[in-house]
Amino acid sequence: MGVLNAMISIIEHIKTILNGYIMFLSTGLAFRSLAFSFRISHNAIARIVYDTSEAIWMTLNVEHMPLPTIERFKQIASDYERMWDFPNCIGSIDGKHVRIQCPPHSGSMFFNYKKFFSVHLQGITDARYKFITIDVGDYGRRSDSGVFMETGVYHHLENNSFNVPPPKPLPGTNKHVPHVFLGDQGYPLKEYLMRPYPTMNNIDPEKENFNYRLSRARRSVECAFGILVSKWRCLKTELQVEPCHVDTIVKTVCLLHNIVIDKDEIAPQIYVPDIPAGPSNRNAMTSNEQVFDEGLDGDDFCMAAMDEFEKNLDTTQGYYTKLGNKRIHMENTKTAVKLKKVRLQAVTNLGFIEIQSTHNQTVNKHNLSIKFNLKIEATYNIPNVESSSENRAFKTSAREIFADSDLSLILEDCFNKLKCEEEEYTSKGSGFSFQYIDGILLGIYKYSPLSGSSYIQLPPCIDHKRATINPQNADQLCFKWAILAKHVEGENKYRINNNYTKHENKYSFEGISFPTPLSDIKKFEKNNQNVSINVYGIHKQYLPPPKLPTYTIFPLKVVDEEKRDHFDLLLVTENDKSHYIFIYDFSRLIRSQKTKHNGRVIFCKRCFKTFDDRKFEGWSKTRRHPFVIYADFEALLVKCYERKGESTTAFQKHMPMSYGVYVKAADNIPIELLDKFNIPTSVIIYRGSETRAEVAKHFVETVIEISRKLEDLLKTNIDIIICNEEQEKHDKATTCNLCKNDFTFFNDKVRDYCHLSGQFRQSICNMCNLALKTPKFVPCLLHNLSNYDAHFIAAELGYDQKSITVIPNSEEKFISFSKYISNKFTLRFIDTCRFMASKLSTLAANLITPDFEKFRETAKHFSNEDLKLVTRKGVYPYEFTEDWSKLEETALPPKEYFYSTLTEEHIKDEEYQHAIEVWNHFNCQTPRSIVVPIFQLVVSKQTF
């Protein structure tokens, strides 16, 4: 059993290596991105890419890219004559620039005429798109001919030692002509290398026909580069590796290109125009052929070739395809589209249906241990562009589910991540807009979590770092002893006796199973509120030379916030056993695998990024702002019917009808100071009407006027008010409360206090005190600002000459934007959805308690009887209020008017009954009057 488990472990390890390697070649993702996907360090990913590329090249190049023989060249010549109608051709030659990161101290050597850094890839291909020979690694600044004349192929050709067949008669003649390679105008004319005639206004028809025939035959090398780039996307991105590794990666990709063609037998399906030779054929070219002859070069020509290739080849292995002159997403490949159609046809009613499953797969509901992920399939299109619909998909990473997991929180987090991923895609400026969701795919996978057991000895190279305590237990309680090892003192820290057992009462191990799986660590953290635990694994690999084992530490579980009593544990495995070990010096443990420097280094425990010991200095950004403006809009949903292209119709226009504004001051700000500067302390409600329709403009004027008053107020400087107890505490202080440095003669102790109230806050050093500056802005928070309210506000901010600054998410959405009130003070609009990605009703529901003590600000505006009504989700007939006259109705609209075309749902009976209670309780006379309690509720909910 141990041997079998070891073999399974080796197979899984090999699969991980190959998956990471293929993912890099096919996407071009950075090593750090792949590291997070496969949960191994980016250095390990880099080593996998380098070593696997070298191994593939050394093992397979003799078979799939051998040195050509005379017989091989004769076969290539026969293929060119049969497929491309060009006799005595033994290959086409061209070059391509592979984009790289600028190497250090390289100057302009790698900077090419296309204005980016690159290395040169030069290849000779046969008629079937296969590379005969390649040359990689020359400077990007050099020309094709300059690179060619320094290759080994050139010297072999000059010395007649490249196995080129002897001259052969042209078809239908007795004239012997040599076998040749075909190049473009950038290559020199040689006996073995032909290039087009120079293009002139009055070129001879025979020369023009020759140029056409030569250019058509040269499509083989252009198509080869097009297929290469389309299959292996790493060549389309910037390779952020050293040039020596670029050479190995590119060579291997070209070799894999040959292997794919050999395996899939692509060549017999190659498309070649069925046009007989002759001068008159120049005028009979198809539109597709004209594309190739219009002088396209580089990636445009490659993509045109790939498009022609994919039209006639039913392949499903490409990651991208093309529409017009643009790449489209992999969800639009033929296979993906077919599978999506099958899934949609299988769905006949609402709910989940099983698409695919493994045989004999069962889940024990009493010991639930699975992983799942979600994938949303949607359709996007370019507005006002016919037939522009395309498929898109967004998915989450696999999440673990246990018997005690909170499914609602996990699902909410998954949907938030999907929403963020969709917004990130939209922000890239592709021009595509969301059309509709096709479906949600739920993937469920078997999950076997790791667990600790009995003692396993650490490898000597890890143990000698003296960064861990490895309890030598003979039972299955290694997790418990690893936790208690933190408190063990003395020399015998590794032996478990009274020095361990006397600390057992410090923590609660209730509900923890032994041996302890990773999932139970969350139970332990829940039992002990001040405890947080990170868990790391150890990976063994052999990196030649010499072939000695090396060990890499990688994260298995990392908490978002380290609590006061924090633990770092190392989980090591051996055959079918696992063992927890306490890490008491994390920096010393991983230092050697990240850096060879001797200076002090601090590591991020999540990504292992290194930092020096510089101190944090941005203390002014850690202070709470003394004032915040909260706001919200309500709008009329005016009906309309406007065609926006053939597939889109606008049926509503949103016009702001009223707004609410609330200025929240810090609790220590004196009310007298607010009255002195005329700062409003209650909710401001403004209702528009047919004669006062410019609601958004009035809102901007209001909040800017409030901001001017706050700017003047923030200049207030009240003398410090300190009691004897606070003064005594200040006198005893010896270190700064912010930077934690000792007070010195040159950096003396000062009293930090609020300049608006005079209240003493803490004892800090003079340098930190100077860093605490008065804020130069006031924030204005709106929930869902980016998607909704910003469209009302942004159009009104340009009323004067003051500047406006924007942090955009896309051309239509803004993360934040600011309006300058004076030369140094701004009003900053912020979307609270950026840090509270839930509906306000959901956020409020999470805070409800029997006595509503968490609704401190809401309670200032409502009585205890009111709180029972306003702290639960309410309803409003938004689509009923389609014009100003509907706001003057004298009764609550019937239930059917509460229908939402956005969600395509009616409200429930209990929700309508709640609306009646609110209407009667607040004595509402018209729908306009119900806006007042709604505004007070929405604005105060944002402050809680």
Side-chain angles (χ1 to χ4, degrees), residues 620-621 623-633 656 658-687 695-721 753-761 772-783 785 789 792-793 796-797 799-800 802 816-832 855-862 931-944:
S620 60
K621 296 181 176 59
R623 283 292 178 85
R624 286 181 175 271
H625 200 292
F627 294 95
V628 180
I629 300 176
Y630 295 93
D632 190 45
F633 279 92
S658 48
Y659 68 81
V661 173
Y662 177 56
V663 181
K664 175 66 175 71
D667 294 335
N668 64 327
I669 306 297
I671 189 66
E672 297 80 6
L673 188 63
L674 299 178
D675 294 338
K676 177 181 178 181
F677 288 90
N678 197 22
I679 305 299
T681 56
S682 59
V683 179
I684 300 175
I685 304 295
Y686 178 83
R687 305 186 187 93
V695 175
K697 181 178 179 181
H698 191 276
F699 167 79
V700 171
E701 293 173 349
T702 300
V703 293
I704 287 179
E705 179 62 28
I706 294 174
S707 301
R708 289 196 179 100
K709 296 176 181 178
L710 291 176
E711 180 185 12
D712 295 334
L713 185 149
L714 290 173
K715 298 176 183 178
T716 303
N717 190 357
I718 297 177
D719 293 336
I720 186 173
I721 302 173
Y753 69 98
C754 175
H755 290 252
L756 301 181
S757 64
Q759 180 180 352
F760 172 77
R761 288 192 289 233
L772 299 178
K773 299 179 180 179
T774 302
K776 298 298 182 182
F777 72 97
V778 59
C780 182
L781 306 185
L782 295 94
H783 204 63
L785 169 73
D789 305 88
F792 301 147
I793 300 172
E796 304 294 340
L797 291 179
Y799 71 96
D800 60 8
K802 293 291 192 305
S816 174
F817 52 94
S818 302
K819 172 68 175 180
Y820 273 86
I821 306 303
S822 63
N823 292 335
K824 295 183 179 180
F825 197 83
T826 61
L827 169 62
R828 184 178 300 175
F829 294 92
I830 301 173
D831 186 359
T832 55
F855 289 88
R856 296 184 300 273
E857 294 299 323
T858 310
K860 295 179 181 179
H861 307 278
F862 296 96
V931 173
V932 176
I934 286 180
F935 265 129
Q936 291 179 338
L937 172 60
V938 170
V939 174
S940 59
K941 271 185 180 180
Q942 296 184 71
T943 61
F944 301 122

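FYI, side chains are in, hydrogens and waters are out, and symmetry mates aren't considered; it's all heavy atoms of this structure.
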- Message: Restricting to non-hydrogen atoms, name the atom on Lys802 and the atom on Ser822 that form the minimum distance, rounded to 0.1 Å.
- Response: CE-CA, 4.1 Å

- Assess Lys824 against Phe777: is NZ or CZ under 6.0 Å from the centre of the six-membered ring, and within 45 degrees of the ring's axis? no

- Note on the structure: Closest non-hydrogen atoms of Cys754 and Asn668, given as atom of the first, atom of the second and distance, are SG-ND2, 3.5 Å

- Query: Just how far is it from atom CD1 of Ile821 to atom CZ of Arg828, taken to the nearest 0.5 Å?
  - Reply: 12.5 Å

- Would you please classify the geometry between the Tyr686 ring and the His698 ring as parallel, tilted or perpendicular, with 30° and 60° separating the classes? parallel

- Message: Within the supplied structure, the quantity of interest is the number of heavy atoms (other residues, nucleotides, ligands) at a distance under 6.0 Å from Asp719 CG; does it exceed 12?
- Response: no

- Step-by-step side-chain hydrogen bond (donor to acceptor under 3.5 Å, both in side chains) determination, Tyr659 to Thr702: CA-CA 11 Å; Tyr659 68 81; Thr702 300; 2.8 Å; yes

- Task: Starting from the C-alpha separation in whole Å, work towards a yes-or-no answer on side-chain contact (heavy atoms from CB on, under 4.5 Å) for Tyr662 and Val628.
- Result: CA-CA 8 Å; Tyr662 177 56; Val628 180; over 6 Å; no

- Query: Taking the side chain as C-beta and beyond, is there a heavy-atom pair between Tyr630 and Val661 under 4.5 Å?
  - Reply: no

- How far does CD1 of Ile720 sit from CZ of Arg761, to the nearest 0.5 angstrom? 9.5 Å

- Item | Which atom of Ile718 lies closest to which atom of Leu756, heavy atoms considered | CD1-O, 2.9 Å

- Item | Test item: Ser816 side-chain N/O and Ile830 main-chain N/O as donor-acceptor pair under 3.5 Å | no

- Hey, are the side chains of Phe792 and Val695 touching, using non-hydrogen atoms and a 4.5 Å cut-off? no

- Query: Hey, does Thr681 have a side-chain heavy atom less than 4.5 Å from the side chain of Ile679?
  - Reply: no

- Look at atom NZ of Lys709 and say whether more than 12 heavy atoms of other residues, nucleotides or ligands are closer to it than 6.0 Å. yes

- Task: Would you please indicate yes or no on a ring centroid separation below 6.0 angstrom for His625 and Phe627?
- Result: no

- Message: How close do Val683 and Ile685 get, counting heavy atoms only, and between which atoms?
- Response: CG1-CD1, 3.6 Å

- Query: What do the steps show when you test Glu701 against Glu705 for side-chain contact (heavy atoms from CB on, under 4.5 Å), and what is the final call?
  - Reply: CA-CA 6 Å; Glu701 293 173 349; Glu705 179 62 28; over 6 Å; no

- Message: Once rounded to the nearest 0.5 Å, what's the spacing between atom NZ of Lys776 and atom CG of Leu714?
- Response: 9.0 Å

- Task: Determine yes or no for a side-chain-to-main-chain donor-acceptor pair under 3.5 angstrom, with Lys819 supplying the side chain and Thr826 the backbone.
- Result: no

- Item | Flag if over 12 foreign heavy atoms under 6.0 Å of OH, Tyr820 | no

- Val778 side chain reached by Phe825 side chain, heavy atoms, under 4.5 Å: yes

- Message: If I take atom CG from residue Asp632 and atom CG from residue Leu781, how far apart are they, to the nearest 0.5 angstrom?
- Response: 12.0 Å

- Task: Report yes if some heavy atom in the side chain of Ser707 is under 4.5 Å from a heavy atom in the side chain of Cys780; otherwise report no.
- Result: no

- Item | Spatial distance of atom CZ (Arg708) from atom CG (Leu827) [nearest 0.5 Å] | 10.5 Å

- When every non-hydrogen atom of Pro680 is compared with those of Val663, the smallest separation belongs to O-CB, 3.7 Å

- Message: Quick one, Leu772 and Arg623 - any side-chain contact, counting heavy atoms below 4.5 Å?
- Response: yes

- Task: Mind checking the CD1-CG spacing from Ile669 to Leu713? Nearest 0.5 Å is all I need.
- Result: 7.0 Å

- Message: Could you check, using the six-membered ring where one of them is a Trp, whether Tyr753 and Phe760 have ring centers closer than 6.0 angstrom?
- Response: no

- Beyond-backbone contact of Tyr799 with Ile704, side-chain heavy atoms, under 4.5 angstrom: yes

